[in-house]
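Below is one structure, written out as structure tokens; comments come after it.
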Amino acid sequence: MEIVVLRLGHRLPRDERISTHVCLVARAFGASSIIYSGQKDHSLEKSVGTIVDNWGGDFSVEYDNAAIGRIKRLKKEGYTVVHASMYGEPVEEKKGELAKLEKTLVVVGGEKVPPEVYELANFNVAVGSQPHSEVAALAILLDRMMEGRELERGFDSNFGGKIRLEPSKKWKNIIKKE
Ligand code: SAM
């Protein structure tokens, strides 16, 4: 499954940390890239770039402030649009269909999501019916779409970075490539 994430409405300085976490969750749990709209943020792009440099993977970050146009284009290119929204249908009821998708654009919102996003989405999916966080919603949504494969030991070998961890009962076991 190919997964691209779109993070809507990044605001500076307010969303600096949360948007970085959205990017890191997207990368760690199986997306190949993230597009963000709102305010351009060089520091966000640099932080994520540093993680990718050290920890590996082909993950990329791209800024595009024309989010609606981008959603329309990606739909035309064959992506199914899955929008995380507390108003949507419960993820537990949709996960079977979501896991079968081949090319997916997962959209997570910011403060206010334009109504057009709900209309353009093929699925509006709720992760519980309470408001919480784009980071939590994205993590759980990706987990259901990947059917848990992103947590398997073997999944880590996809990254092939300069640094990797060996699980340890007691302490940090960091392995660095020479
Ligand atoms: N009241 C806002 C709304 O319209 O959903 C909450 C915004 S929340 C801070 C930012 C984003 O987190 C939302 O746009 C959505 O993508 C995601 N989110 C928050 N709670 C969610 C939930 N229960 N299910 C799915 N996504 C959620």
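Atoms within each ligand, like the ligands themselves, are counted from 1 in listed order.
Judged by the 6.0 Å distance and 45° axis criteria, Lys94 is not positioned over the aromatic ring of Phe123.
Other residues, nucleotides and ligands place no more than 12 heavy atoms under 6.0 Å from the CD atom of Gln130.
In this structure, the separation between NZ on Lys75 and OG1 on Thr80 is 9.0 Å, given to the nearest 0.5 Å.
In this structure, His10 and Tyr36 have perpendicular ring planes: the angle between them is above 60°, well past the 30° mark.
Val4 places none of its side-chain heavy atoms less than 4.5 Å from the side chain of Ile34.
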Table of N or O contacts for ligand 1, cutoff 3.5 Å:
unit_1: ligand 1; atom_1: 12 (O); unit_2: Glu134; atom_2: N; d: 3.2
unit_1: ligand 1; atom_1: 14 (O); unit_2: Gly109; atom_2: N; d: 3.3
unit_1: ligand 1; atom_1: 16 (O); unit_2: Ala84; atom_2: O; d: 2.6
unit_1: ligand 1; atom_1: 16 (O); unit_2: Gly109; atom_2: N; d: 3.0
unit_1: ligand 1; atom_1: 20 (N); unit_2: His132; atom_2: N; d: 3.1
unit_1: ligand 1; atom_1: 23 (N); unit_2: Val127; atom_2: O; d: 3.1
unit_1: ligand 1; atom_1: 23 (N); unit_2: Gly128; atom_2: O; d: 3.2
unit_1: ligand 1; atom_1: 23 (N); unit_2: Gln130; atom_2: O; d: 2.7
unit_1: ligand 1; atom_1: 23 (N); unit_2: His132; atom_2: NE2; d: 3.1
unit_1: ligand 1; atom_1: 24 (N); unit_2: Val127; atom_2: N; d: 2.9
unit_1: ligand 1; atom_1: 26 (N); unit_2: Ser85; atom_2: N; d: 3.4

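Partners of His21 under the ring pair (Phe, Tyr, Trp, His ring centres under 6.0 Å) rule, at least two apart in sequence or in another chain, do not exist in this structure.
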